[in-house]
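What you see is a predicted model, and the numbers here were worked out from it, not measured in a lab.
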Amino acid sequence: QVQLVESGGGLVQAGGSLLLSCAASGRTFSYYVMGWFRQAPGREREFVAAISKSGSTTYYTDSVKGRFTITRDNAKNTVFLQMNSLQPEDTAVYYCAADRTDTLSRWSGAYDYWGQGTQVTVSS
C-alpha cells in the first residue's frame, strides 16, 4: 500500500509557474513508476507526465512538453511537477499516481495508487 498526498496547487495568472509535490508513504517509493494526471470539470482524467523508478526516463503528453518537468527524489519519497508558462487550459485538479510495473503508461488504469488531488487554476 502506498499513500500519496499532493500539494502546491493554487491560483496563478497565465504565464506563471507552480511547483506541485506529491509525498509518498508506505511501501518503498523507488519501487514505483510515478505519474501525474489532471481532470478539468466535465472532462475525463488525462495523462500529463510520468517518470521511471530511477528518474532517468520521463514521458509527457504533447500539450505540456517544454513547459512542464517531472522529477523525483527517492531519498525524500517525493515526485514533483514543475509547471511553467501556465495557460487557462491547464486549469484542473492534478493527481499523482503510482504504478508497480516498469512501464511509463499514459493509461490511468495502469496505476495502482492515487492521491486526493490538488486544484490548479490559471486565470487569463
Side-chain angles (χ1 to χ4, degrees):
Q1 191 81 4
V2 174
Q3 293 78 43
L4 303 172
V5 179
E6 302 95 336
S7 61
L11 173 64
V12 64
Q13 289 188 333
S17 299
L18 282 174
L19 174 64
L20 303 185
S21 300
C22 173
S25 61
R27 302 292 293 273
T28 303
F29 180 66
S30 61
Y31 288 179
Y32 297 89
V33 164
M34 298 299 297
W36 284 98
F37 289 76
R38 65 187 180 186
Q39 188 167 19
R43 300 188 67 176
E44 293 187 354
R45 190 169 298 187
E46 67 170 349
F47 171 77
V48 176
I51 189 166
S52 63
K53 297 175 182 180
S54 67
S56 61
T57 304
T58 57
Y59 175 38
Y60 298 92
T61 196
D62 286 347
S63 63
V64 308
K65 283 181 181 177
R67 300 189 300 124
F68 291 10
T69 303
I70 186 171
T71 58
R72 66 190 295 162
D73 185 339
N74 285 345
K76 296 183 177 180
N77 293 346
T78 303
V79 61
F80 304 95
L81 186 67
Q82 177 66 49
M83 305 187 296
N84 299 328
S85 302
L86 283 161
Q87 299 302 315
E89 52 266 34
D90 295 316
T91 295
V93 177
Y94 283 71
Y95 299 88
C96 70
D99 177 5
R100 290 172 292 183
T101 71
D102 292 324
T103 302
L104 273 64
S105 177
R106 63 185 303 125
W107 177 49
S108 61
Y111 292 79
D112 305 290
Y113 304 103
W114 292 83
Q116 83 290 347
T118 186
Q119 176 71 48
V120 171
T121 303
V122 184
S123 63
S124 57

Give the minimum heavy-atom separation between [X] and [Y], together with the two atoms involved.
X: A49; Y: L81; value: CB-CD1, 4.3 Å
X: Q39; Y: R43; value: NE2-O, 3.1 Å
X: T61; Y: R106; value: OG1-NH2, 3.0 Å
X: A98; Y: M34; value: CB-SD, 3.7 Å
X: T78; Y: A23; value: OG1-CA, 4.2 Å
X: A50; Y: Y111; value: CB-OH, 3.6 Å

Under the side chain to side chain contact (heavy atoms under 4.5 Å, CB included) criterion, do Q82 and T71 qualify, and how do the steps go? CA-CA 8 Å; Q82 177 66 49; T71 58; over 6 Å; no
Apply the test side chain to side chain contact (heavy atoms under 4.5 Å, CB included) to residues V33 and T103: give CA-CA distance (whole Å), side-chain angles for both, the deciding distance (0.1 Å), then the verdict. CA-CA 7 Å; V33 164; T103 302; over 6 Å; no
Atom [atom1] in [X], atom [atom2] in [Y]: separation rounded to 0.5 Å?
X: R67; Y: S85; atom1: CZ; atom2: OG; result: 7.0 Å
X: E46; Y: S63; atom1: CD; atom2: OG; result: 5.5 Å
X: Y94; Y: R45; atom1: OH; atom2: CZ; result: 13.0 Å
X: F80; Y: S7; atom1: CZ; atom2: OG; result: 9.0 Å
X: D99; Y: S52; atom1: CG; atom2: OG; result: 12.0 Å
X: D112; Y: T101; atom1: CG; atom2: OG1; result: 7.5 Å

Listing request: all disulfide (SG to SG under 2.5 Å) pairs with a residue in residues 46-94, at least two apart in sequence or in separate chains. none
Flag the pair [X] / [Y] as yes when at least one side-chain heavy-atom distance between them is below 4.5 Å, and no otherwise.
X: R38; Y: D90; result: yes
X: S30; Y: K53; result: no
X: Q119; Y: T91; result: yes
X: L18; Y: F68; result: no

Under a 3.5 Å distance rule, please check whether R72 uses its side chain to pair with a backbone N or O of F29 as donor and acceptor. yes
Check for a donor-acceptor pair, side chain of E6 on one end and backbone N or O of G117 on the other, with a separation under 3.5 Å. yes
Parallel, tilted or perpendicular: which describes the rings of W114 and Y95, with under 30° parallel and over 60° perpendicular? perpendicular
Any idea how F47 and Y59 line up, ring-wise: parallel (<30°), tilted (30 to 60°), or perpendicular (>60°)? tilted
Please tell me whether [X] and [Y] are part of a single hydrophobic cluster in this structure, the criterion being side-chain heavy atoms less than 4.5 Å apart.
X: V48; Y: L86; answer: yes
X: F37; Y: I51; answer: no
X: V93; Y: L4; answer: no

Side chain to side chain contact (heavy atoms under 4.5 Å, CB included) between V2 and Y31: does it pass, once the steps are laid out? CA-CA 11 Å; V2 174; Y31 288 179; over 6 Å; no
